[in-house]
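What follows is a single structure, written as structure tokens, with notes after it.
All values reported here derive from a predicted model rather than from experimental measurement. All values below were derived from every heavy atom in this structure, side-chain atoms included, with hydrogens, water molecules and symmetry-related copies excluded. Each ligand, and each atom within it, is numbered from 1 in the order the structure gives.
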Amino acid sequence: MKTVLIATEKPFTPAAVDGIREVFDKAGYSLILLEKYSSAKEWQEAAADVDAMIIRSDKANADIIGSAKNLKIIVRAGAGYDNIDLEACNQKGVVAMNTPGQNSNAVAELAFGMMLYHIRNRFDGSSGSELRGKKLGIHAYGNVGSFVGTIAKGFGMDVYAFDPFVDRKEIEDNGIRPVDSEKELYSLCDFVSLHIPVNEKTKKSIGYELLSQMPGNGVLVNTARKEVIDEEALLKVMEERSGFAYLSDIAPDCREEIESRYPGRYVFTAKKMGAQTAEANINAGIAAASQIVNFLEKGDRTFQVN
Ligand code: 3PG
């Protein structure tokens, strides 16, 4: 009998776990659930004999991959797989997958939640401002970016996007104006919503050159990864522009500095929660489970990332 481990420091909603269990029950697999584990050792012990693993933002480093001696596949229930050591997977012949698109709407909705919270002054009763008529720049028009575009149009925003990997026509067909460079996007827009993945090329790529293009009261919204921001540049821009705000689902390393120096000009969630909805958990969790069964039973490698 094949065994699958769900290792999630941030648990799926119970309905998602039920859905995942159903997929594995049908396949005749057994399921081990490791939630809110307190150490990597606990995870390593649980992983020792499993054939497959489902994770979220959990750091599947070489030690974890190495300790799972029967591991054939690891699926990140979500989009970003920067938390999986792909080199370690390659060395052990382990297939790594993600579940693109499954939690994208939840992340996109959070971007607007943070924008509204900010422009309505944290709902403190004072007079705020509106999204209608403002310019929104979508930096990377993938799964999340396209949901952001659809929602932004509902708010009556003027929507622009930069993505060199997406056909201009596809963007235009969705009623969004493609721009030719990052610089153009940042200089045009009141709000920029980030949806780039983190990798060697994008780390710290959002720096002074881009941020200083934004208007004085520009708002940068980050539901991607904190590592794509050059935090020194961010602090410099916050110091120079008295209205500039940073809204992020992943608090930056310089969180304390921002909180103490720039009150009212930031929003940081308590814990990365863009994908923390019942719907996103169910979609991503069941997709991950089905991908595991399809791979182990039929060799289906759709969504493999290594
Ligand atoms: C993703 O990459 O899919 C999102 O960042 C969600 O991450 P989470 O599963 O840890 O909430």
### Query
What residue and heavy atom of the protein are closest to atom 10 (O) of ligand 1, and at what distance?
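The closest heavy atom on the protein side is Ser57 OG, 2.4 Å.
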
### Task
May I ask you to identify the nearest protein heavy atom to atom 5 (O) of ligand 1, giving residue, atom name and distance to one decimal place in Å?
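For this ligand atom, the closest protein heavy atom is Lys272 NZ, 2.8 Å.
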
### Message
Between Lys72 and Asp51 (salt bridge meaning N to carboxylate O under 4.0 Å), is one present in this structure?
### Response
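Answer for the salt bridge query: yes.
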
### Message
Can you confirm if the aromatic rings of His118 and Tyr266 lie within a centre distance of less than 6.0 Å?
### Response
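So the answer is no for these two rings.
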
### Message
Please state which option from Ala77, Pro100, Ala79, Ala280 has its nearest heavy atom closest to atom 3 (O) of ligand 1.
### Response
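Shortest heavy-atom distance from atom 3 (O) of ligand 1: Ala79.
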
### Message
Could you check whether Arg265 makes a cation-pi contact with Tyr246, meaning its NZ or CZ is under 6.0 Å from the centre of the six-membered ring and within 45° of the ring axis?
### Response
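That pair does not qualify as a cation-pi contact.
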
### Task
State whether Phe191 and Lys134 meet the cation-pi test: NZ (Lys) or CZ (Arg) under 6.0 Å from the six-membered ring centroid, and within 45° of the perpendicular axis.
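Judged by the rule, Lys134 and Phe191 form no cation-pi pair.
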
### Query
Taking atom types as modelled, is there a side-chain donor on His195 or Tyr141 under 3.5 Å from an acceptor on the other?
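Tyr141 and His195 do not have a side-chain donor-acceptor pair below 3.5 Å.
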
Enumerate the atoms of ligand 1 whose separation from the nearest heavy atom of [X] is less than 4.0 angstrom.
| X | value |
| --- | --- |
| Arg225 | 1 (C), 2 (O), 5 (O) |
| Gly78 | 3 (O) |
| Gly80 | 1 (C), 2 (O), 3 (O) |

### Task
Output, in order, the C-alpha distance, side-chain angles, deciding distance and verdict of salt bridge (charged side-chain N to carboxylate O under 4.0 Å, His left out) for Asp180 and Arg168.
CA-CA 9 Å; Asp180 294 324; Arg168 286 181 74 92; 2.6 Å; yes

### Message
Below 4.0 Å from ligand 1: does a non-hydrogen atom of Gln276 turn up there or not?
### Response
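Judged by the 4.0 Å heavy-atom criterion, Gln276 does not count as contacting ligand 1.
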
### Task
Check Arg76 against ligand 1 and report side chain, backbone, both or neither, counting heavy atoms closer than 4.0 Å.
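Arg76 to ligand 1: side-chain contact only, backbone stays beyond 4.0 Å.
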
#### Entry: Asn103 contact mode with ligand 1 (heavy-atom cut-off under 4.0 Å)
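Asn103 to ligand 1: side-chain contact only, backbone stays beyond 4.0 Å.
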
### Message
What I want to know is whether Ala275 and ligand 1 share at least one N or O pair that is separated by under 3.5 angstrom.
### Response
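For ligand 1, there is no N or O atom that lies under 3.5 Å from one belonging to Ala275.
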
### Query
Should Tyr37 and Glu45 count as side-chain neighbours, where that means a heavy-atom distance under 4.5 Å?
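A side-chain contact is absent here, since even the closest heavy-atom pair is not under 4.5 Å.
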
